[in-house]
Undergrad: 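First the structure, then my questions, so here it is.
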Amino acid sequence: MTILVTGGAGYIGSHTVRALLKAGYEVAVFDNLSSGHAAALPHGVRLFQADLLNPDAVMQALAETQAEAIIHFAARIEVGESMREPLGYYRNNVLGSLNLLQEIQNTGRRIPLVFSSTAAVYGTTDAVPIPEDAPLRPESVYGETKLMTEQMIRAAHAAHGQPYTVLRYFNVCGASPEGDIGEAHASQTHLIELACMTALGKRAKMMVFGDDYPTPDGTCLRDYIHVQDLAGAHVLALKALLDGRHGAATYNVGLGRGFSVREVLDMVDRVVGTRLPREIAERRAGDPPRLVADGTRIREELGFTPQFPELRQMVETAWMWHRTHPNGFEF
Ligand code: UFG
């Protein structure tokens, strides 16, 4: 049984490809390698190096693999960049997803789809923790593009019975415990990744974006989830779809507790064994004070149980990856 993974050469995609192989599925990857890395893929995984903006290429990949299901990651993912280049984000993320849905429909087969969405669809919310039925008010173009894709998928479900599961991720971090794949973005914006770069001496210091938030220590709270656990959540969602158990489900993927920026940086200090220089800076535009998932639904319906729930495990695996691959996949 072949699972087609769009964006499978990216950070979360490549961890999910491994989890799928381990669970006994065959995997083919559709990725334009604009930000993914062929080196992140295990040997033997077929790679269609192509773009979702090219419907013929999507059609061909579906025909050649006869995919039984699709996991759709391929997207541009930076909040800040999405505000500077909104049209590029709408084109890539929304039009790319539309092409995918259209080509699925054109096969005449019902191919279940797991979609990679984000907590950014909620925007700033007072709900703590955030349930899946909280209001959807994305504040970034990135969040908008993910919400629009969710809406297209739900409409395809209503009209043609397209089976789907939407997974809304909170703050993904960590790296493969084997230490050979991890986060490798051209422009780094994520807290733990930046802290590791600082520990490697590639950056002078850490900036703490705001210490006057209405939170216990004044810095933002986020619900961090290990990428390996997130990959496992995709396998669970896929199995439930293929069993026909859940054909139209939306789940938060988070652990239901928040760590502050200070707590995360303190943990990085402990793991790397040195105190990283820090400076308090202005708040970063668009950062909600706290984003914590209500993860009850995925626990109860899919039996999701994290294997790496400790912040220390997340930081340790991220540090192992960055320390051994200071230039990512460019050795
Ligand atoms: N932060 C700092 N200093 C840094 C980098 C980050 O203080 O150098 C803070 C941020 O202000 C934020 C927290 O650390 O409070 C986490 O920031 P990240 O950039 O690591 O993650 P975000 O919470 O901004 O982003 C995540 C996902 C996005 C998603 C967003 C939804 O990575 O894909 O949540 O709000 F869109």
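Here, residue 1 is the first one in the sequence, and each next residue gets the next number. Every number for a ligand or one of its atoms is a count from 1 in the order of the listing. The structure presented is a predicted model; accordingly, all values stated were derived computationally and were not measured.
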Undergrad: So which bit of Y169 gets within less than 4.0 Å of ligand 1, heavy atoms only: side chain, backbone, both or neither?
TA: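 No part of Y169 comes within reach of ligand 1.
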
Undergrad: Backbone, side chain, both or neither: what part of H190 comes under 4.0 angstrom of ligand 1, heavy atoms only?
TA: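 Both backbone and side chain.
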
Undergrad: If you measure from atom 18 (P) of ligand 1 to every heavy atom of R222, R283, R284, which option wins on shortest distance?
TA: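 Among R222, R283, R284, the closest heavy atom to atom 18 (P) of ligand 1 comes from R284.
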
Undergrad: If hydrogens are left out, which of S140, A120, C173 has an atom nearest to atom 31 (C) of ligand 1, that is, the closest non-hydrogen atom?
TA: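 Of the listed residues, A120 has the closest heavy atom.
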
Undergrad: Inspect the contact between R154 and E150 and indicate whether a charged nitrogen and a carboxylate oxygen are less than 4.0 angstrom apart.
TA: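 Salt bridge: yes.
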
Undergrad: Are any of the side-chain nitrogens in E81 or R76 under 4.0 Å away from the carboxylate oxygens of its partner?
TA: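 The answer is yes: the pair qualifies as a salt bridge.
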
Undergrad: By number and element, which atoms of ligand 1 are closer than 4.0 Å to a non-hydrogen atom of C220?
TA: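 Answer for ligand 1: 15 (O).
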
Undergrad: Side chains of T189 and E78 only: does a donor on one sit below 3.5 Å from an acceptor on the other?
TA: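 There is no such pair (donor and acceptor under 3.5 Å, judged by atom type) between the side chains of T189 and E78.
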
Undergrad: Do other residues, nucleotides or ligands put more than 12 heavy atoms under 6.0 Å from R110 CZ?
TA: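 No, the 6.0 Å shell around CZ holds no more than 12 heavy atoms from other groups.
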
Undergrad: List every atom of ligand 1 that sits less than 4.0 Å from any heavy atom of V79, numbering the atoms from 1 in the order shown and giving each element.
TA: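 Answer, ordered by atom number: 36 (F).
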
Undergrad: Note the single closest protein heavy atom to atom 16 (C) of ligand 1, along with its residue, its atom name and the distance in Å.
TA: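 Nearest protein contact, heavy atoms only, for atom 16 (C) of ligand 1 is Y224 OH, 3.7 Å.
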
Undergrad: Are T317 and H226 close enough that a side-chain donor and a side-chain acceptor fall under 3.5 Å?
TA: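 Looking only at side-chain atoms, H226 and T317 do form a donor-acceptor pair, the distance falling under 3.5 Å.
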
Undergrad: Among all protein heavy atoms, pick out the one at the shortest distance from atom 11 (O) of ligand 1; state its residue, atom name and that distance to 0.1 Å.
TA: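 Of the protein heavy atoms, D287 OD2, 2.6 Å lies nearest.
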
Undergrad: Using heavy atoms and a threshold below 4.0 Å, how should the contact between T219 and ligand 1 be classified: side chain, backbone, both, or neither?
TA: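 None of T219 does.
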
Undergrad: Contact between Y213 and ligand 1, counting heavy atoms under 4.0 Å?
TA: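 Checking ligand 1 against Y213, which is what was asked, there is no heavy-atom contact under 4.0 Å.
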
Undergrad: Run the numbers for me: atoms of ligand 1, each under 4.0 Å from some heavy atom of V261, listed by number.
TA: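 Ligand 1 atoms under the 4.0 Å threshold to V261: 7 (O), 9 (C), 13 (C), 14 (O), 15 (O).
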
Undergrad: Verify ring pair (Phe, Tyr, Trp, His ring centres under 6.0 Å) between H234 and Y169, making sure each step is shown before the conclusion.
TA: CA-CA 11 Å; H234 288 78; Y169 320 151; 5.4 Å; yes

Undergrad: Only heavy atoms of M207, strictly under 4.0 Å: list the atoms of ligand 1 that pass.
TA: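 With M207 as reference, the close atoms of ligand 1 come out as 2 (C), 3 (N), 4 (C), 7 (O), 8 (O).
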
Undergrad: Just say parallel, tilted or perpendicular for the rings of Y89 and Y142, cut-offs at 30° and 60°.
TA: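 Perpendicular: the ring planes of Y89 and Y142 meet at over 60°.
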
Undergrad: Atom 8 (O) of ligand 1: which protein heavy atom is closest, and how many Å away?
TA: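 Heavy-atom neighbour on the protein nearest atom 8 (O) of ligand 1: L194 CD1, 3.3 Å.
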
Undergrad: Examine the proximity of ligand 1 to L191 and report which part, side chain or backbone, both or neither, has a heavy atom under 4.0 Å away.
TA: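 Both of them.
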
Undergrad: If we set the cut-off at 4.0 Å for heavy atoms, which region of M206 has an atom near ligand 1: side chain, backbone, both, or neither?
TA: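 Only the side chain of M206 comes within reach of ligand 1.
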
Undergrad: Could you tell me whether E64 and R46 make a salt bridge, using a distance below 4.0 angstrom between a side-chain N and a carboxylate O?
TA: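 Salt bridge between E64 and R46, a charged N being under 4.0 Å from a carboxylate O: yes.
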
Undergrad: Can we say D266 and R278 salt-bridge, meaning some charged N sits less than 4.0 Å from an Asp/Glu carboxylate O?
TA: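 Salt bridge flag = yes for R278 with D266.
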
Undergrad: Flag the pair R283 and D212 as a salt bridge only when some basic side-chain nitrogen lies within less than 4.0 angstrom of an acidic carboxylate oxygen.
TA: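 Salt bridge present between R283 and D212.
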
Undergrad: Could you tell me whether the side chains of Y251 and E301 share a donor-acceptor contact shorter than 3.5 Å?
TA: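 E301 and Y251 do have a side-chain donor-acceptor pair below 3.5 Å.
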
Undergrad: Against heavy atoms of Y142, which atoms of ligand 1 measure under 4.0 Å?
TA: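 Reading through ligand 1 atom by atom, the close ones are 33 (O), 36 (F).
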
Undergrad: With under 30° as parallel and over 60° as perpendicular, where do the rings of Y224 and F259 fit, or are they tilted in between?
TA: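 Rings of Y224 and F259: tilted, as their planes differ by 30° to 60°.
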
Undergrad: Heavy-atom pairs closer than 4.0 Å: do any link ligand 1 to the side chain of N171, the backbone, both, or neither?
TA: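 Within the 4.0 Å criterion, N171 contacts ligand 1 through side-chain atoms alone.
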
Undergrad: What do we get for Y122 next to ligand 1 when only non-hydrogen atoms under 4.0 Å count, side chain, backbone, both or neither?
TA: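 Near ligand 1, Y122 shows nothing, with every heavy atom at 4.0 Å or more.
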
Undergrad: Using heavy-atom distances only, which candidate in T215, T189, L291, T124 approaches atom 35 (O) of ligand 1 most closely?
TA: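 Among T215, T189, L291, T124, the closest heavy atom to atom 35 (O) of ligand 1 belongs to L291.
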
Undergrad: Step by step, would you call E183 with H190 a side chain to side chain donor-acceptor pair (under 3.5 Å)?
TA: CA-CA 10 Å; E183 210 167 358; H190 289 152; 2.5 Å; yes

Undergrad: To which protein heavy atom is atom 7 (O) of ligand 1 closest, and what is the distance rounded to 0.1 Å?
TA: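 Answer, as residue, atom name and distance: F209 N, 2.9 Å.
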
Undergrad: Show which atoms of ligand 1 fall inside a sub-4.0 Å distance from at least one heavy-atom site of V208.
TA: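 What qualifies from ligand 1 is 7 (O).
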
Undergrad: Among protein heavy atoms, which sits nearest to atom 29 (C) of ligand 1, and what does the distance come to when rounded to 0.1 Å?
TA: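 I find the closest protein heavy atom is T118 OG1, 3.7 Å.
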
